[in-house]
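What follows is a set of notes on a single structure, which appears directly below.
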Amino acid sequence: MKVTMTINHRQRELDVAPGEHLLDTLRNHHILSVKRGCDSSSCGVCTVLVDMKPVLSCSVLTARVAGKEILTVEGIHDFVETLAGYMGHEGADQCGFCNPALALTVYALKHEIPHPTLDDIRHYLLGNLCRCTGYQAQHIAILKCLEECA
Amino acid sequence: MRINELIQPTSIEEAYALLQEHEDAKIAGGTLWMRLGQHDVERLIVLDGLGLDTITETNDDISIGAMVTLRQLETNPIIQTHLNGMLSRAAGSIMGVQVRNLATIGGSVIGNYSFSDIIPVLAVMDTTLVFHHQGEVPLDLFLSKRLSEPDILVAIRIRKQEGRGTVHKISRTELDFALLNVAVTHTDRWRIAIGSRPAGAAMATNAMAHLDQADRIDDQTIATAVELAMEEIKLSSNAKASQAYRRDLLSAHLRRALNEVK
């Protein structure tokens, strides 16, 4: 079936199967920043933004996001570069596998809660699992980034 | 799981007609659980764009569309204030924001999952399910019987009540399923529901009656209510927790919950 959507500010018409998930669609179209992790709605590394809301692309049928705006990190380049500076400064980065999903979720948080507390950040990012950092440095980096870039 | 055909009807009437026409058709909620299932779906009917994703209120009721997401429940001001925002808090305790932006209240209710954090809360509110064909069905009736025929849940209606409410979800981590859910409301009467026993939500009717008949609610009244609940609520063991541990949790958390809303 043919579906039309905006991916990273570009309108795309795609031919997808009825049961195809957005994760597969994006990766089949060479958007490989969207990672396949648990593939069972648990880990958050496949996060993308649909109309600015973070969702698990492994669990969204592509046909259901027809007409919507999809963002991956390729579509928020400037913000990712800024956040990366803060993460590096706090030593909050290790293997990097979860970074694209984390950056997208922080981008959504910034728009939904313009001045978040550390608790807001922790709660909003609960669904972004990171196997390396232990979260503390990530959360401090994000808090500083959002405070100073507000 | 494979989906062979995805149908996006333009009205509830059309969706209902499709459901009657095709025995193998299923209605999509957030499809988070459906996708993990082993069974293929011949026809999936999607209710997106049919106006079932809003929360409205009148003087008497709050009406929640079946396609309202858990995140909407968490952040909606009407839900955040009714009975101390207990439904909002229950929704906000489920998985991460990425899941809550997909999972719907309709899917949570129709699935009637024993681990549901939503159903115990709805059970202690005055909740009615609104189906397209069968009309209004009280939640407790729905939970005790299977639907007699395929139908479409269009809304969850909660009668507004003055009072207090609280919910305790006890889990090993914030992302995990509950080991036990304790939901309590104190309006013109008391209501207590215990979920994730690990069986589905059950009402502590003897404890509720004891509290309703008490002249005053003091430590002794609450202690007796907890004892009655421990006698009537059937708890058991599974991989997450033993029956003995669940009994300890029920005793402690029900006492705390009753004290919060007395």
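Each chain gets a letter, A, B and so on, in the order the sequences are listed, and its residues count up from 1.
Exactly one residue among Pro54(A), Ser41(A), Ser59(A) makes a side-chain contact (heavy atoms from CB on, under 4.5 Å) with Leu102(B). That residue is Ser59(A).
Considering all non-hydrogen atoms of both residues, Arg64(A) and Met67(B) come closest at NH2-CE, 3.4 Å. Here the closest heavy-atom approach between residue Pro18(A) and residue Asn4(B) is recorded as CG-O, 3.5 Å. Of all non-hydrogen atoms in Ala63(A) and Leu6(B), the two that sit nearest each other are CB-CD2, 4.0 Å.
The line from SG of Cys58(A) to CD of Gln98(B) is 10.0 Å long, rounded to the nearest 0.5 Å. Distance CG/Leu126(A) to CE/Met95(B): 10.0 Å, rounded to 0.5 Å. Expressed to the nearest 0.5 Å, how far CZ of Arg100(B) lies from CG of Leu56(A) amounts to 11.0 Å.
In this structure, chain A has no heavy atom under 4.5 Å from any part of Ile7(B). When heavy atoms are compared at a cutoff of 4.5 Å, Leu61(A) approaches chain B solely by way of its side chain, counted from C-beta outward. Contact annotation for Glu112(A): only side-chain heavy atoms (C-beta onward) come within less than 4.5 Å of a heavy atom of chain B. In this structure, no portion of Leu109(A) lies under 4.5 Å from any heavy atom of chain B. There is no contact between Cys46(A) and chain B, counting heavy-atom distances below 4.5 Å.
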Residue pair Val97(B), His123(A): steps toward the side-chain contact (heavy atoms from CB on, under 4.5 Å) verdict: CA-CA 8 Å; Val97(B) 70; His123(A) 183 62; over 6 Å; no
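Heavy-atom contacts from other residues, nucleotides or ligands closer than 6.0 Å to NE2 of His111(A) number more than 12.
Pairs passing the ring pair (Phe, Tyr, Trp, His ring centres under 6.0 Å) check and including a residue from residues 8-41 of chain A, sequence neighbours excluded, do not occur.
Considering only heavy atoms from C-beta on, Val50(A) stays 4.5 Å or farther from Asn101(B) through its side chain.
With sequence neighbours excluded, the residues satisfying salt bridge (Lys or Arg N to Asp or Glu O under 4.0 Å) with Lys240(B) are Asp176(B).
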